[in-house]
Protein chains: 2
Amino acid sequence: MAQKIKLSTIAESLGVSTATVSLALRDSPLVAAATREKIKEQSRALGYIYNRRAASLRTSRSGIIGVVVHDIQNPFYAEILKAIESELDRSSHTFILSNHYDSVEKQRNFVETLLQLGGDGVIMSPAIGTPREDLELAENNGMPAILVARSVENLDLPTYRGDDSYGISLATNHLIGLGHRTIAMVGGTDQTSTGRDRYQGYVNALKKANIPVDPALRIAGPRSKQGGFEAAVHFLSLPQKPTAAVCWNDLVAIGFMNGIARAGLMPGRDISVTGYDDLEEAAIATPGLTTVWNGQSEVGRLAARALLDKLSGSHEPDGIHLIKPEMRIRQSTAPLHRS
Amino acid sequence: MAQKIKLSTIAESLGVSTATVSLALRDSPLVAAATREKIKEQSRALGYIYNRRAASLRTSRSGIIGVVVHDIQNPFYAEILKAIESELDRSSHTFILSNHYDSVEKQRNFVETLLQLGGDGVIMSPAIGTPREDLELAENNGMPAILVARSVENLDLPTYRGDDSYGISLATNHLIGLGHRTIAMVGGTDQTSTGRDRYQGYVNALKKANIPVDPALRIAGPRSKQGGFEAAVHFLSLPQKPTAAVCWNDLVAIGFMNGIARAGLMPGRDISVTGYDDLEEAAIATPGLTTVWNGQSEVGRLAARALLDKLSGSHEPDGIHLIKPEMRIRQSTAPLHRS
DNA sequence: AGGGGCCTTAAAACCGTTTACTTAAAATTT
DNA sequence: AAATTTTAAGTAAACGGTTTTAAGGCCCCT
């Protein structure tokens with residue numbers, strides 16, 4: 001690195017102006033084809049590196065899009081991210097990822113950093129307890145925001161997520177249809193819209209089947225494999241002896257099945273288990289996990305599209321867009337048999 | 001957003017110069033304490049947002065650090081990332097993540113984008129087949145690079161990774177010690193240094209125990225749960241009837257155990273299985289997975305530290321730093337018993 | 001009273017691109 | 001051949017900070 005190569009370096013070496021070089025490199029028809037080629041050639045030869053911060057300072061567009069979710073390692077979000085990525089890739093946007101681990105502060109820091117970098121837009125799955133000011137911060141500074149997977153009350157931002165209430169009722173109905181009557185709900189929290197919706201879907205399905213709702217059958221909290229694993233102990237000690245469990249998501253369900261298996265019972269035969277999300281892993285779990293597809297790929301794709309549309313000026317309607325979940329039946333659920 | 005608030009906005013509103021504001025906001029002792037406070041107060045009141053690209057244009061430091069690995073969704077890399085993140089967090093650096101999915105092109109694009117953004121440094125786990133020019137590209141443009149998890153031949157970049165050959169021999173020896181003689185190696189590829197090292201470790205351990213090495217016992221390829229799951233079929237059809245499997249990593253091992261279980265056999269009793277990495281998941285798998293801790297957290301921490309040190313001027317020695325793996329024995333391995 | 005030193009703030013150059021405006025040359029029209 | 005249009009390239013002013021250098025005001029000293 002003898003010295004930084006910049007537009008003017010190329011310009012001088014060729015005896016033209018920097019304006020010409022700038023235009024040529026961006027394929028402007030304002031510069032003659034021959035000159036354009038010569039410039040591009042020279043740029044390559046010198047190993048020129050485009051300085052985005054300078055450009056962005058001038059144009060006030062950075063090509064950066066931020067994405068912040070609870071935990072990118074969580075396969076559910078990972079699948080959303082993958083969809084976002086592939087949608088964004090073809091539009092030459094760079095994206096910056098971050099976890100907030102449900103820390104409002106971490107999330108705010110991220111949004112602020114993004115603003116400092118001149119981010120063009122942000123896609124977020126808001127942390128639990130996000131105050132509206134934090135979300136408005138982005139919008140107020142000219143950085144459009146799109147929400148995924150979770151919504152925030154009283155805030156009119158475009159939101160894409162699965163229809164949780166409907167989805168979980170699919171799973172619950174499936175178990176009821178198999179003859180189960182004592183059905184536990186394992187995992188989840190009331191602190192997110194998702195949590196409330198899912199619990200509501202479970203309650204609704206039971207009520208519709210005239211099954212009394214017993215709050216003791218709700219094991220709230222777990223949202224990870226580890227959590228599901230630990231919940232199994234609690235589950236097996238319940239006096240009501242449930243025969244089935246509707247789990248918060250696939251991770252909880254898989255951990256839960258492992259916990260059940262550790263206790264010498266066989267999930268799918270002794271206890272029926274449903275998951276939620278239909279992660280890739282659900283199909284290869286033992287037994288194969290009956291679950292509900294939550295539309296991750298659609299959520300990601302649509303959210304990215306919506307943001308790109310907004311950036312290019314078209315005004316998408318705000319509000320919540322629900323993706324319809326679908327049932328995926330495998331071996332972890334079976335008809336109730338008396339023991 | 002009536003109008004963008006910038007340094008000059010604050011300056012004018014207070015009747016001072018932009019220079020004073022700039023210095024005050026960065027706690028320079030050059031500006032009187034009283035003025036400093038007044039300026040900070042006003043900055044907060046107006047909702048000023050620091051423009052990093054402008055600053056970075058002048059200072060040529062961006063505070064951005066890039067990290068590119070094979071797949072951030074892979075828990076092995078996720079654990080490394082977590083360690084990097086926590087190390088970087090306390091130094092007010094923003095980091096940008098990317099997967100390369102072992103595509104050299106995707107990786108090169110990332111490095112180039114990072115250069116355009118003025119990245120201060122990059123931590124990478126190089127894609128299979130990365131040519132040295134691609135790695136030198138970063139260094140040549142003043143962006144120091146640190147390697148993790150994989151090394152590249154004939155290139156003197158600081159590298160942090162586990163001692164694969166030693167680690168896999170730990171696992172192999174453990175199985176040999178339990179009486180196993182026909183031991184398969186499931187997964188991995190010869191195209192990475194890691195792959196070659198692990199296979200070598202396996203071969204060495206067998207040789208030392210005077211067990212003939214049978215190439216047919218190597219099921220090369222799988223590196224994911226799905227891959228491990230599918231490899232189980234192949235494994236069970238081997239004419240040599242192996243009684244144990246040394247798996248490429250925990251993911252392969254878990255998938256493999258699921259595959260074995262699907263066939264009606266019980267991993268840990270009928271077939272002994274070892275993993276590699278000691279992911280969080282290994283402990284809660286059924287049965288608990290015997291595996292080798294690969295030092296992910298150390299790798300991440302040390303790599304981040306090394307980069308930060310380099311950025312602050314101190315000259316760390318280049319070359320490969322090996323982290324010593326450790327055995328973690330659980331229930332997926334058991335003494336050989338004749339059936 | 002004049003000058004040296006210190007503290008605080010101001011002025012101005014600079015970072016690398018983009019872009020509106022201008023100019024020069026070439027091509028076309030009359 | 002002069003006038004006009006088209007095309008190609010150059011000029012210079014932003015963009016929003018940082019940083020070096022200089023200047024103004026005040027106190028203290030001899």
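Below, chains carry the letters A, B, ... as their sequence lines are ordered, and counting in each starts from 1. Values in this document were obtained by computation on a predicted structure and should not be read as measured data.
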Any pair counted as salt bridge (charged side-chain N to carboxylate O under 4.0 Å, His left out), so long as it reaches [range], sequence neighbours left out:
| range | value |
| --- | --- |
| residues 104-133 of chain B | A:Glu85-B:Lys106, A:Asp89-B:Lys106, B:Arg108-B:Asp134, B:Arg132-B:Glu136 |
| residues 56-72 of chain B | none |
| residues 17-29 of chain A | A:Asp27-A:Lys40 |
| residues 29-39 of chain A | none |

Between [X] ([atom1]) and [N] ([atom2]), how many Å, whole number?
| X | N | atom1 | atom2 | answer |
| --- | --- | --- | --- | --- |
| B:Leu46 | D:dG16 | CG | C1' | 16 Å |
| A:Ile5 | C:dT17 | CD1 | C1' | 16 Å |
| A:Leu7 | C:dC15 | CG | P | 14 Å |
| B:Arg61 | D:dT19 | CZ | C1' | 16 Å |
| B:Leu30 | D:dT18 | CG | P | 14 Å |
| A:Arg36 | D:dA8 | CZ | P | 9 Å |

For B:Arg305, enumerate each residue passing the salt bridge (charged side-chain N to carboxylate O under 4.0 Å, His left out) test, keeping only those at least two apart in sequence or located in another chain.
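In terms of salt bridge (charged side-chain N to carboxylate O under 4.0 Å, His left out), with neighbours along the sequence ignored, B:Arg305 is linked to B:Glu87, B:Asp309.
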Review item, nucleotides 22-26 of chain C N/O atoms under 3.5 Å of protein N/O:
none

Would you indicate, yes or no, if [N] has its OP1 or OP2 atom less than 4.0 angstrom from a side-chain nitrogen or oxygen of [X]?
| X | N | result |
| --- | --- | --- |
| A:Arg53 | D:dG16 | no |
| B:Tyr48 | D:dG17 | yes |
| B:Arg52 | D:dG16 | no |
| B:Ser22 | D:dT18 | yes |

Start at the 5' end of DNA chain C and walk down; is the nucleotide closest to B:Ala55 or to B:Ala33 reached first?
B:Ala33
Calculate, to the nearest 0.5 Å, the distance between atoms CG and CD1 belonging to A:Leu117 and A:Ile96 respectively.
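Going from CG on A:Leu117 over to CD1 on A:Ile96, the span is 5.0 Å.
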To the nearest 0.5 Å, what is the distance between OG (A:Ser297) and CG (A:Leu302)?
9.0 Å
Partner residues of B:Tyr160 under the ring pair (Phe, Tyr, Trp, His ring centres under 6.0 Å) criterion, sequence neighbours left out
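Residues passing ring pair (Phe, Tyr, Trp, His ring centres under 6.0 Å) with B:Tyr160: B:His321.
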Have a look at A:Thr35 and say if it touches a base, only the backbone sugar-phosphate, or nothing, with a 4.0 Å heavy-atom cut-off.
sugar-phosphate
Within residues 113-122 of chain A, the residues having a heavy atom closer than 4.0 Å to DNA chain C are none
Once side-chain hydrogen bond (donor to acceptor under 3.5 Å, both in side chains) is applied, do any residues pair with B:Tyr50, and if so which ones, sequence neighbours excluded?
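Residues passing side-chain hydrogen bond (donor to acceptor under 3.5 Å, both in side chains) with B:Tyr50: none at all.
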B:Ser43: partners by side-chain contact (heavy atoms from CB on, under 4.5 Å), with sequence neighbours left out:
B:Ile10, B:Leu25, B:Tyr48
Show me, pair by pair, the donor-acceptor contacts under 3.5 angstrom made by side chains of residues 74-82 of chain B, not counting sequence neighbours?
| unit_1 | atom_1 | unit_2 | atom_2 | d |
| --- | --- | --- | --- | --- |
| B:Asn74 | OD1 | B:Phe76 | N | 2.8 |
| B:Glu79 | OE1 | B:Gln296 | NE2 | 3.0 |
| B:Glu79 | OE2 | B:Glu280 | N | 3.3 |
| B:Lys82 | NZ | A:Gln73 | OE1 | 3.1 |

Indicate yes or no: at least one non-hydrogen side-chain atom of A:Asn51 is less than 4.5 angstrom from one of A:Arg53.
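Yes, at least one pair of side-chain atoms sits under 4.5 Å.
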Hey, what are the protein-to-nucleotides 10-15 of chain D N/O distances that come in under 3.5 Å?
| unit_1 | atom_1 | unit_2 | atom_2 | d |
| --- | --- | --- | --- | --- |
| D:dG10 | OP2 | A:Ser17 | N | 2.7 |
| D:dG10 | OP2 | A:Ser17 | OG | 3.1 |
| D:dG10 | OP2 | A:Thr20 | OG1 | 2.7 |
| D:dA14 | N3 | A:Arg58 | NH1 | 3.3 |

